[in-house]
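To keep things clear, I will list the structure first and then write my remarks on it.
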Amino acid sequence: MKAVVLVAVAALLAGCAGGPRIDSSHTSLGQDSRAQFIVLHYTSADLARSLELLEQDQVSSHYLIGESPPTIYRLVDEDRRAWHAGESEWRGRTWLNSSSIGIELVNPGYVEGPQGRLWYPYSEQQIDALIELLKDIMARHGLGPEAIVGHSDIAPQRKVDPGPLFPWKRLADAGLVPWPDAAEVARQQALFAIGLPDVAWFQEQLRMQGYRVPLHGHLDLETRNVIAAFQMKYRPTRFDGEPDAQTAALLQTLNQAR
């Protein structure tokens, strides 16, 4: 009898140790993935140093992609938060660590030279690996083409990665990011060359893209940084933060196509 009582008590304690009993037979349709964005970065370091930094407790990312060979390292599970975005905003969402997946690419970034910054290119193999990873992540999380952003998009006042040599057009050709129609851009640029909109127009168009930008109508440093971030993505040959006809045409074409 004593043995039976001991067995019953042990079973009861085991049940308590396992946590609450939860019925999972009902599922709500009102849900989607925690991850709403994928943020792309470069590491400003070689592979060994990148791994060393990303394995510490100050900064982290979900994935790191080497350069040669382009090994994909998973450093943080996708269902957990990585510390890669910092103070950031995109389309009204702030502090994007909680709603994004971070991907770091091994790349030195840039060095300062006599003629200004010299940027490092990305290898073909590294971008091939990135595209394969992006397609997999987007399919599993149900993300669309507008989900992929650069660190410079979500934090244009303090970040420039993945830089002007990152091949956004290759991602567009793979169906991963939106891209403006070249013929429509040329048509719009000819019109804007006749008369350029004011600064408030540029600010509103950038806001529609997703950027955090002032809406006061003044061409201050903060606005220039946002314009430069947009130019770096869609017109990397010149990203001086100057509101010109080509930038206006790119913005108009992209926003009309949404």
Side-chain angles (χ1 to χ4, degrees), residues 31-42 61-63 65 70 72 78-79 82 84-85 88-94 96-105 107 122 124-156 159-188 204-213 226-236 239 246-258:
Q31 59 176 297
D32 58 9
S33 174
R34 174 200 65 80
Q36 295 294 301
F37 306 106
I38 303 172
V39 183
L40 305 182
H41 312 255
Y42 61 52
S61 67
H62 294 90
Y63 295 97
I65 304 180
I72 300 174
E78 290 179 13
D79 61 351
H84 63 97
S88 51
E89 182 173 333
W90 189 251
R91 297 201 169 161
R93 291 178 181 262
T94 58
L96 296 183
N97 282 341
S98 298
S99 57
S100 66
I101 291 173
I103 301 177
E104 293 272 3
L105 297 159
N107 182 285
Y122 295 83
E124 292 288 322
Q125 297 81 4
Q126 190 178 37
I127 300 303
D128 287 342
L130 172 64
I131 288 173
E132 183 179 10
L133 177 60
L134 288 171
K135 287 181 176 179
D136 177 64
I137 294 173
M138 294 172 75
R140 287 187 287 102
H141 290 271
L143 300 178
E146 295 188 341
I148 303 173
V149 293
H151 203 181
S152 54
D153 292 319
I154 65 173
K159 294 295 181 179
V160 294
D161 56 314
L165 295 189
F166 181 80
W168 287 103
K169 183 61 166 60
R170 279 198 61 192
L171 270 59
D173 291 342
L176 297 175
V177 297
W179 202 257
D181 178 75
E184 180 61 18
V185 170
R187 189 185 74 82
Q188 294 281 357
E204 176 60 22
Q205 294 292 315
L206 288 162
R207 184 201 63 78
M208 291 172 61
Q209 277 292 296
Y211 291 94
R212 177 179 179 178
V213 61
V226 178
I227 293 174
F230 174 82
Q231 292 169 333
M232 192 182 302
K233 190 172 187 177
Y234 292 105
R235 192 191 67 185
F239 50 98
Q246 187 179 17
T247 302
L250 288 165
L251 281 165
Q252 178 100 323
T253 303
L254 283 165
N255 284 330
Q256 285 182 342
R258 290 179 58 193

query = Would you say the side-chain atoms of His62 and Ser100 include a donor-acceptor pair closer than 3.5 Å?
reply = no

Donor-acceptor under 3.5 Å (Asn255 side chain, Gln205 main chain) = yes

ask   = Do Glu184 and Gln188 get their side chains close enough for a donor-acceptor pair, meaning under 3.5 Å?
value = yes

key: Worked verdict on Ser33 versus His141 for side chain to side chain donor-acceptor pair (under 3.5 Å)   = CA-CA 6 Å; Ser33 174; His141 290 271; 2.5 Å; yes

ask   = Within a strict 4.5 Å, meaning less than it, do heavy atoms of the Lys135 and Met138 side chains meet?
value = no

task = Taking the side chain as every heavy atom from C-beta outward, state whether His84 and Asn97 have any atom pair closer than 4.5 Å.
result = yes

task = Using distance alone, with no hydrogens and no angle criterion, decide if Thr247 and Gln231 have a side-chain donor and acceptor under 3.5 Å apart.
result = yes

inquiry  = If we ignore hydrogens and angles and just use 3.5 Å, is the side chain of His151 paired with the main-chain N or O of Ala85 as donor and acceptor?
reply    = yes

task = Please lay out, stage by stage, how Ile103 and Val39 fare under the test side chain to side chain contact (heavy atoms under 4.5 Å, CB included).
result = CA-CA 6 Å; Ile103 301 177; Val39 183; over 6 Å; no

message = Are Leu130 and Tyr63 packed together at the side-chain level, in the sense that at least one heavy-atom pair is separated by less than 4.5 angstrom?
response = no

key: Reported CG-to-CG distance for the pair Leu206 and Leu251, which is rounded to 0.5 angstrom   = 5.0 Å

key: Of Phe166, Trp179, Trp168, Phe239, the residue whose pairing with Tyr234 passes ring-ring contact (aromatic ring centres under 6.0 Å, His included)   = Trp179

task = Return yes when atom CD of Gln256 has more than 12 non-hydrogen atoms of other residues, nucleotides or ligands closer than 6.0 Å, and no otherwise.
result = yes

Residue pair Phe230 / Val213, side-chain heavy-atom distance below 4.5 Å = no

message = Taking the basic N atoms (NZ, or NE/NH1/NH2) and the acidic carboxylate oxygens, is any pair closer than 4.0 Å for Asp128 and Arg170?
response = yes

ask   = Partners of Arg140 by salt bridge (charged side-chain N to carboxylate O under 4.0 Å, His left out), sequence neighbours excluded?
value = Glu78, Asp136

task = State, with a plain yes or no, whether a side-chain heavy atom of Val177 is found less than 4.5 Å away from one of Pro145.
result = no

message = Would you compute the distance between atom CD1 of Ile148 and atom CD1 of Ile38 and round it to the nearest 0.5 angstrom?
response = 5.0 Å

ask   = Who pairs with Lys233 by salt bridge (charged side-chain N to carboxylate O under 4.0 Å, His left out), at least two apart in sequence or on another chain?
value = Asp153

Contact check, side chains of Asp181 and Val185, non-hydrogen atoms, under 4.5 Å = no

task = Kindly indicate, with the supporting measurements, whether the criterion side chain to side chain contact (heavy atoms under 4.5 Å, CB included) is fulfilled by Leu40 and Leu171.
result = CA-CA 12 Å; Leu40 305 182; Leu171 270 59; 4.1 Å; yes

message = Just so I know, are the side chains of Glu89 and Ile154 near enough to count as touching, which here means a heavy-atom distance under 4.5 Å?
response = no

message = Using only atom types and a distance under 3.5 Å, with no angle test, would you say the side chain of Arg91 pairs donor to acceptor with the backbone of Gln209?
response = yes

